[in-house]
Amino acid sequence: MIRKLTAWLLALVMVCSTAAALAAYATLEYKSSGESVVSLQKALNALGYSTGGVDGKFGNATEKAVRAFQRDHKLKVDGKAGNATQTLLYNLAGGGNASAQPTATPKPSGSSYFGGNYATMRYGNSGSRVKLLQQALKNLGFGIGKIDGKYGNTTKQIVSGFQAIHGLKVDGVAGAATLKMIESLLSGGSAPAQPTATPKPTATPQPTATPKPSSSYFSGDYSSIRLGYTGSRVTLLQKALKSLGYGIGSVDGKYGSATQKAVTEFQKRYGLTADGIAGAKTLTKLEQVMTGGTAAATPTPTPTPQSTGTYTTLQSGSRGDAVTRLQQALKDLKYDVSVTGTYDSKTVAAVKAFQQRNQLTADGIAGQKTQQKLYAGGCVTGDTQLPSGEINSSISAPSKSQIKLLHWFNDIKPTIKGGQNLTIYDPASGLSWTLRMMSLGRHADSEPLTQQDTNTIFRAFGNQNTWNQKVVYARLPNGTWTVASMHNMPHLSGSIKDNGFDGHLCVHFLRDMS
């Protein structure tokens, strides 16, 4: 049985490779040229990765842009635009292939832009009303990207930015108040008045609060704001940082230590001088990110003072400024730790708690991924109540006698249909999850059934989304176990709205190569 499984796994790798090749993009690399390179350059530029022009020649600038895209999206960073890189690039840029045309935007109905329909839209929704919303945001100058009628992460972030700019509740949900504000601005209305400046302490220099027009978040006023300042411009700054997921605390118009820390983390994230002062460069960059400009592309994390190009791994017994900074960041997030500069047992316990709550390997060692997550902002805090059963590991491993070698076209596909569930067991991690099948062609397009299943899959794939195939055991709807392979990269469309997985994944079974 083991020999058969081994032989089949080798065949499966060949099948998956052949299947990918049938619809693959030819690899483009340094010195490539032609229309394919033109399409590549256009897509990269559309997503904010500058190629220095669109000339159809794969030169140094194009290679640098490809590397940046690969690094930001956790792909193999080799500067070559292979199938995985181009597939993801064109899906994000709009269409799933280089020649895809944008979907036509529906026209508004009735006497108002939204036709008097202000029903709430939120993450996971799709359809013509979402297209209307996306087109409206684009018309107002927000970098919404592709108008595809899908309320995904990009749309949610842009809505949050719009809400922060116009004094609305920042939740990323397009409710009646948000939709009416959009409609008002499209018809030539004005933004709401800004909050009155809070009186400043006598000894503190205070910049003049300037009401902002709807065309610019900071009204073109990029004079520095720093620790001790108060007023409406501080409120604007805090709202902007909060909408982007930084732990600002309360939006109170007071530039305190929490605001200073959030500004510092924003500056580190985008390669600015990390001094905690919101000067012209910081405010300009923040404004670009808020409106979905090209600055929103996630840059390489800034290293800690002890490292060169990467975070220094910290563990039990480590000492110094990097440990002090780590402890302070954990303490600010309400984890039980003392700021001593020594990586003691209490710090190990706090790091483990942070890792568990933020879906990282809970080993108590603050390595690259742990520090990236900690300093990026938007982390799960120590006092947050997590749902029970976050990781699903309730399914026992099938025995060798239970696992059958089944052919996709002959044995499996005729017995299943879209809408049925697959139970997956990963022998490498011992984790299990449930998938719902969507459509059945050369493989099973599927998606996680619940948010819990999405969390489990993410953990099983090393806390990342990747196109790399993992060999798993799959229990079919009739109870039979067989061998399969799958990736966990969300792409194209999905049908389950509350599973936290923006698209679907593919499950492959044994089949002929033809």
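Only a predicted model underlies this, so the values are computations on that prediction, with no experimental measurement involved.
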Would you say [atom1] of [X] has more than 12 non-hydrogen atoms from neighbouring residues, nucleotides or ligands within 6.0 angstrom?
X	atom1	answer
K242	NZ	no
R67	CZ	yes
K57	NZ	no

Would you say the rings of [Y] and [X] are close, in the sense that their centroids are separated by under 6.0 Å?
X	Y	result
Y123	Y151	no
H491	W467	yes
F58	Y30	no

If we count only N and O atoms by modelled type, under 3.5 Å, do the side chains of [X] and [Y] hold a donor and an acceptor together?
X	Y	result
S439	D445	yes
T466	N468	yes
S495	E447	yes
T51	Q41	no
D453	T456	no
D363	Q315	no
Q368	T313	no

Those residues that, when tested against [X], pass side chain to side chain donor-acceptor pair (under 3.5 Å) (two or more places apart):
X	result
D502	none
D171	Q163
N463	none

Between atom [atom1] of [X] and atom [atom2] of [Y], what is the distance when rounded to the nearest 0.5 Å?
X	Y	atom1	atom2	answer
H443	W408	NE2	CH2	8.5 Å
R511	N410	CZ	CG	12.5 Å
K352	I365	NZ	CD1	9.0 Å
L132	N117	CG	CG	9.5 Å
L326	L330	CG	CG	4.5 Å

(request) Check the pair T361, Q355 against side-chain contact (heavy atoms from CB on, under 4.5 Å), reporting the backbone distance first and the verdict last. (result) CA-CA 6 Å; T361 301; Q355 291 168 329; over 6 Å; no
(request) May I ask you to check if R325 and Y375 form a cation-pi contact, with NZ or CZ under 6.0 angstrom from the six-membered ring centre and within 45° of the axis? (result) yes
(request) Applying side-chain contact (heavy atoms from CB on, under 4.5 Å), run through V54 and V37 and close with a yes or a no. (result) CA-CA 8 Å; V54 179; V37 177; over 6 Å; no
(message) Before you tell me yes or no, could you show the steps for D148 and Q134 under side-chain contact (heavy atoms from CB on, under 4.5 Å), namely the whole-Å CA-CA distance, both residues' side-chain angles and the distance that decides it to 0.1 Å?
(response) CA-CA 8 Å; D148 57 3; Q134 292 172 327; 3.2 Å; yes
(message) Test your reading of the model: is there a side-chain donor-acceptor pair from Q327 to the backbone of T342, 3.5 Å cut-off?
(response) yes
(message) Determine whether a donor-acceptor pair (N or O, by modelled atom type, separation under 3.5 Å) exists between the side chain of N488 and the backbone of Q464.
(response)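 Yes, the answer is positive, given that a donor and an acceptor are paired below the 3.5 Å cut-off.
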Non-hydrogen side-chain atoms of [X] and [Y] separated by less than 4.5 Å:
X	Y	result
P477	N421	no
T480	Q402	no
M486	F461	yes

(request) Any chance you could lay out the side-chain contact (heavy atoms from CB on, under 4.5 Å) test for L360 and K373, step after step, and finish with the verdict? (result) CA-CA 9 Å; L360 299 166; K373 184 71 174 178; 4.1 Å; yes
(message) Angle between ring planes, Y425 versus Y473, binned at 30° and 60°: parallel, tilted or perpendicular?
(response) parallel
(request) Before giving the answer on salt bridge (Lys or Arg N to Asp or Glu O under 4.0 Å), spell out for D336 and K346 the whole-Å C-alpha distance, their side-chain angles and the decisive distance to 0.1 Å. (result) CA-CA 8 Å; D336 185 15; K346 197 169 186 179; 3.4 Å; yes
